[in-house]
Amino acid sequence: MAKNLLIVESPAKAKTIEKILGSDFQVKSCFGHIRDLEKDDMGIDIGNNYQPTYIVPQDKEKIVSELKKIARSSDEVWLATDEDREGEAISWHLCEVLKLDPLLTKRIVFHEITRPAIESAVKNPRRVDMNLVQAQQARRILDRIVGFELSPVLWRKMSMKNSLSAGRVQSVAVRLIVEREREIQAFQTVASFKLEAWFSAADRQGKLISFKAIGPSRLAQVDDAEKFLQSCLGASYTVQDIQIKPSKKSPAAPFTTSTLQQEASRKLGYSVSRTMLLAQKLYESGKISYMRTDSVNLSDTAMDDICEAIRGSYGQQYIQQRRFKNKNESAQEAHEAIRPTYMADPSAGDADTRRLYELIWKRTIASQMSDAELEKTIARILISTNKEELTATGEVLKFDGFLKAYQEEEEDEDEGKGEDQKEGMLPVLTIGQVLDFKEMTATERFSRAAPRYTEASLVKKLEELGIGRPSTYAPTISTIQKRNYVEKKDREGVLRKYRILVLQGGKLTSREETELTGAEKSKLFPTDLGILVTGFLSEHFDSVMDYGFTARIEGEFDEIASGRKVWNRMIDEFYQPFHADVENTLEHAEKVSGERPLGNDPISGRPMVARMGRYGPMVQIGIANEEEKPRFAKLKANQSIETITLMEALELFRLPRMVGKFEDKDVVINIGRFGPYAQHDGTFYSLKKDMDPYTVDLSTIGPLILEKRAARENKTIRLFEAEKIQVLRGPYGPYIKQGTKNFRIPKESQDAAPNLTLEDCQAIIKKAKDNPPKRKGFRKTKKAFRDQS
DNA sequence: CAGTGAGCGAGCTTCCGCTTGACTT
């Protein structure tokens with residue numbers, strides 16, 4: 001038995017550290033937080049200075065009892081959780097659970113898993129920092145209060161039934177998307193004309209190449225553009241001035257969680273959750289350092305390793321060591337940047353994992369490489385017939401530097417960027433040279449609204465605002481989609497006409513062309529629900545919904561951490577006004593349904609509205625209390641309460657729809673809880689994605705019925721009719737169905753499913769009933785509790 | 001599980017931040 005027990009958060013780290021520390025230490029991991037606030041009564045005694053009640057969640061009981069056991073038989077327990085607010089709190093909870101005195105227990109920290117870092121940490125133990133622990137406790141309690149007081153307000157005041165939620169992070173994330181959408185809707189496109197002239201001249205080898213010069217400024221009206229081109233009729237063009245400017249580009253810092261998610265999205269098209277899943281695999285197999293980090297720092301050993309790799313792959317002249325500073329104020333820097341464990345390690349795993357590894361490898365190596373050196377040439381060209389001048393710009397790469405390994409992907413955030421930037425080489429020009437003119441064009445261009453967020457650009461924005469942490473970006477993005485506040489969608493673009501005026505061969509002509517605009521891929525759109533909930537929360541809880549709220553309270557947490565503020569006083573200052581808003585809203589706010597009048601139904605003359613119903617967005621004909629009952633119809637997936645027209649709404653009432661007879665029985669089409677379906681002979685058949693319930697006919701439904709019927713028969717492996725027992729093929733392999741209940745077949749019998757006898761099946765069912773599956777979650781539900789007693 | 005949408009009221013839901021597997025019908 002080892003004398004010392006050392007506890008870290010992550011099991012993968014535990015293994016590495018144990019190797020470094022040798023036989024004196026047994027290193028175990030606690031898998032993150034081991035206690036959390038109880039859920040009943042929020043786990044906070046509001047009237048008693050916000051005293052928290054902590055419990056060990058059910059899924060942590062096992063690890064806690066194991067740690068207790070080992071701690072008892074060890075001489076000394078060392079706490080080596082991460083060096084940030086959460087890590088400090090985990091250490092304190094470990095003290096509480098393992099009955100250690102936080103004032104006496106050794107607490108050590110390191111930011112990198114290297115032998116020198118760990119050996120020096122062990123030589124310099126400190127104690128648990130109770131101020132920091134209290135700052136974490138304040139953070140935890142505030143988040144619980146916000147979440148558990150706001151969510152119930154939504155349950156009461158919103159007109160839909162699903163389990164709505166609100167929180168400090170998720171509600172602001174949704175707000176960003178809702179407001180971006182508003183901006184885009186309100187955006188007024190402005191057209192202008194961009195001037196470009198084409199010339200040709202000889203390059204160094206004497207070969208003629210053509211190059212472009214751009215006009216002095218954009219012209220607002222087509223008349224202005226025409227006038228300008230006209231004024232250039234018969235002009236000659238002379239090089240007036242040439243400027244040569246050296247410039248350089250520097251590599252980006254190594255990856256943090258947020259920048260990795262952004263680049264993997266831009267370069268590889270991965271969702272943030274996919275990136276994190278693959279990164280986790282790489283981390284667990286020892287390929288990369290820890291993947292949830294906000295630090296751009298690299299350890300000294302890593303820097304040496306990287307320089308060695310640069311020397312080997314590119315040569316000494318490509319090395320330029322750099323230390324990057326974090327621009328982010330909210331960063332806690334408990335870990336290193338994300339980097340390969342060993343630069344010499346080749347990539348491995350499946351294609352997707354490999355691509356992510358290579359991205360990390362290249363970004364890491366580039367971060368320690370030389371600047372790229374460029375030479376920019378700017379030539380001013382005079383027009384003889386007017387006072388304007390044109391500018392031709394060329395860029396030449398003198399030394400590639402880090403660009404040899406890695407180039408950061410451009411972001412398409414701002415409008416107009418990119419178009420004028422693709423600069424190539426200019427031919428050799430001399431001052432006074434008269435250029436060979438080919439043509440001049442004025443092309444109509446349009447201003448663009450800010451782009452919709454992608455998952456990754458939303459993460460970037462949240463990080464800038466200091467909202468959320470590396471471990472929560474991906475889960476937050478999932479939550480707001482799962483709650484149906486936000487949808488990730490593609491949108492087809494529309495064709496738009498634009499004009500081009502051309503001056504060529506002494507003649508001015510004009511033509512019209514079309515381009516695709518507004519096409520979107522994997523962008524985040526707010527749903528009607530998201531819009532409605534955000535509007536409600538912003539109206540009644542503006543302080544929490546403020547983009548600066550998190551930054552402000554983080555400042556207060558810092559004051560608690562430095563001992564200048566008492567945690568429960570800070571909570572009280574927040575809680576009093578916040579709770580008053582909650583009470584006030586519960587008492588006075590109207591129920592919200594987002595109702596929007598559409599006009600009158602031309603047949604019945606009754607009023608029609610679009611609004612949020614209990615089961616989602618819908619349109620309604622008539623009013624509830626009238627003699628004739630109202631009629632209802634659900635909105636289609638791509639429609640919204642804010643934009644649906646009377647005509648579109650009337651269309652929706654064409655369901656349910658009889659499309660004819662199949663095998664002498666009626667076929668009726670409708671939309672139900674689980675989407676569009678056909679009903680035939682008492683059986684339901686879900687329509688496929690490409691089948692439109694409003695237009696589909698018997699020629700599509702007939703084959704669908706036959707196909708689903710065949711699939712159903714194919715699903716049955718064995719059938720014991722008398723006992724109502726079936727062996728069926730399911731998405732997770734074969735399973736047994738008795739009446740309406742399903743039973744899992746043990747792994748060892750799965751291959752033998754086609755040969756299972758009735759007795760085999762009954763044995764499996766009996767065994768399953770005797771050993772009910774364990775419930776997951778923090779505590780047993782009340783229902784499960786009742787059922788037991 | 002598949003024609004809901006009012007209102008009543010039982011019983012339910014809900015947060016953020018640390019960590020990984022367990023396990024699905």
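The analysis underlying the following values was restricted to heavy atoms, covering all of them including side chains, and did not include hydrogens, waters or symmetry mates. Being a predicted model, the structure only gives us computed values, none of them experimental. Letters go in sequence order (proteins before strands), and every chain restarts at 1.
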Original post:
Do A/Arg140 and B/dC15 share a donor-acceptor pair, side chain to base, under 3.5 Å?
Top reply: yes
Original post:
If you look at every strand shown and take non-hydrogen atoms under 4.0 Å, does A/Gly167 touch a base, only sugar-phosphate, or nothing?
Top reply: sugar-phosphate
Original post:
What do you reckon, do A/Phe31 and the base of B/dC18 stack, with centroid distance below 5.5 Å and planes below 30°?
Top reply: no
**OP:** Calculate the interatomic distance between A/Glu149 atom CD and B/dC16 atom P; express it in whole Å.
**Re:** 15 Å
**OP:** Looking at every strand, decide which applies to A/Tyr283 at a 4.0 Å heavy-atom threshold: base, sugar-phosphate, or nothing.
**Re:** sugar-phosphate
Original post:
Any Lys/Arg nitrogen of A/Lys636 or A/Glu651 sitting under 4.0 Å from an Asp/Glu carboxylate oxygen of the other?
Top reply: no
Original post:
Between A/His111 and A/Glu83, do the side chains contain an N or O donor and an N or O acceptor separated by less than 3.5 Å?
Top reply: yes
Subject >> Pairwise 5' ranking along DNA chain B for A/Phe684 and A/His33, keeping only the more 5' one >> reply: A/Phe684
Original post:
What nucleic acid atoms does A/Gly43 come within less than 4.0 Å of, heavy atoms only: base, sugar-phosphate, or nothing?
Top reply: nothing
Subject >> A/Arg168/A/Asp143 salt bridge by N-O under 4.0 Å criterion >> reply: yes
Original post:
Under 4.0 angstrom, heavy atoms only, what part of the nucleic acid is A/Pro11 near: base, sugar-phosphate, or nothing?
Top reply: sugar-phosphate
**OP:** Test for a donor-acceptor pair under 3.5 Å between the base of B/dC18 and the side chain of A/Arg292, counting only N and O atoms.
**Re:** no
Original post:
Does the side-chain ring of A/Phe148 sit on the six-membered ring of the B/dT14 base, less than 5.5 Å centre to centre and under 30° in tilt?
Top reply: yes
Original post:
Contact class for A/Gly468 vs. all strands (heavy atom < 4.0 Å): base, sugar-phosphate, or nothing?
Top reply: sugar-phosphate
**OP:** Tell me what A/Thr476 touches on the nucleic acid: a base, only sugar-phosphate, or nothing, going by heavy atoms under 4.0 Å.
**Re:** nothing
**OP:** Assign A/Leu154 to base, sugar-phosphate, or nothing according to its heavy-atom contacts below 4.0 angstrom with the strands shown.
**Re:** nothing
**OP:** May I ask you to say what A/Ala166 touches in the nucleic acid, namely base, sugar-phosphate or nothing, with a heavy-atom cut-off under 4.0 Å?
**Re:** sugar-phosphate
Original post:
Under 6.0 Å from the NZ atom of A/Lys157, do we count more than 12 heavy atoms belonging to anything else shown?
Top reply: yes
Subject >> Interatomic distance, A/Glu284 CD vs B/dT19 C1' [rounded to whole Å] >> reply: 10 Å
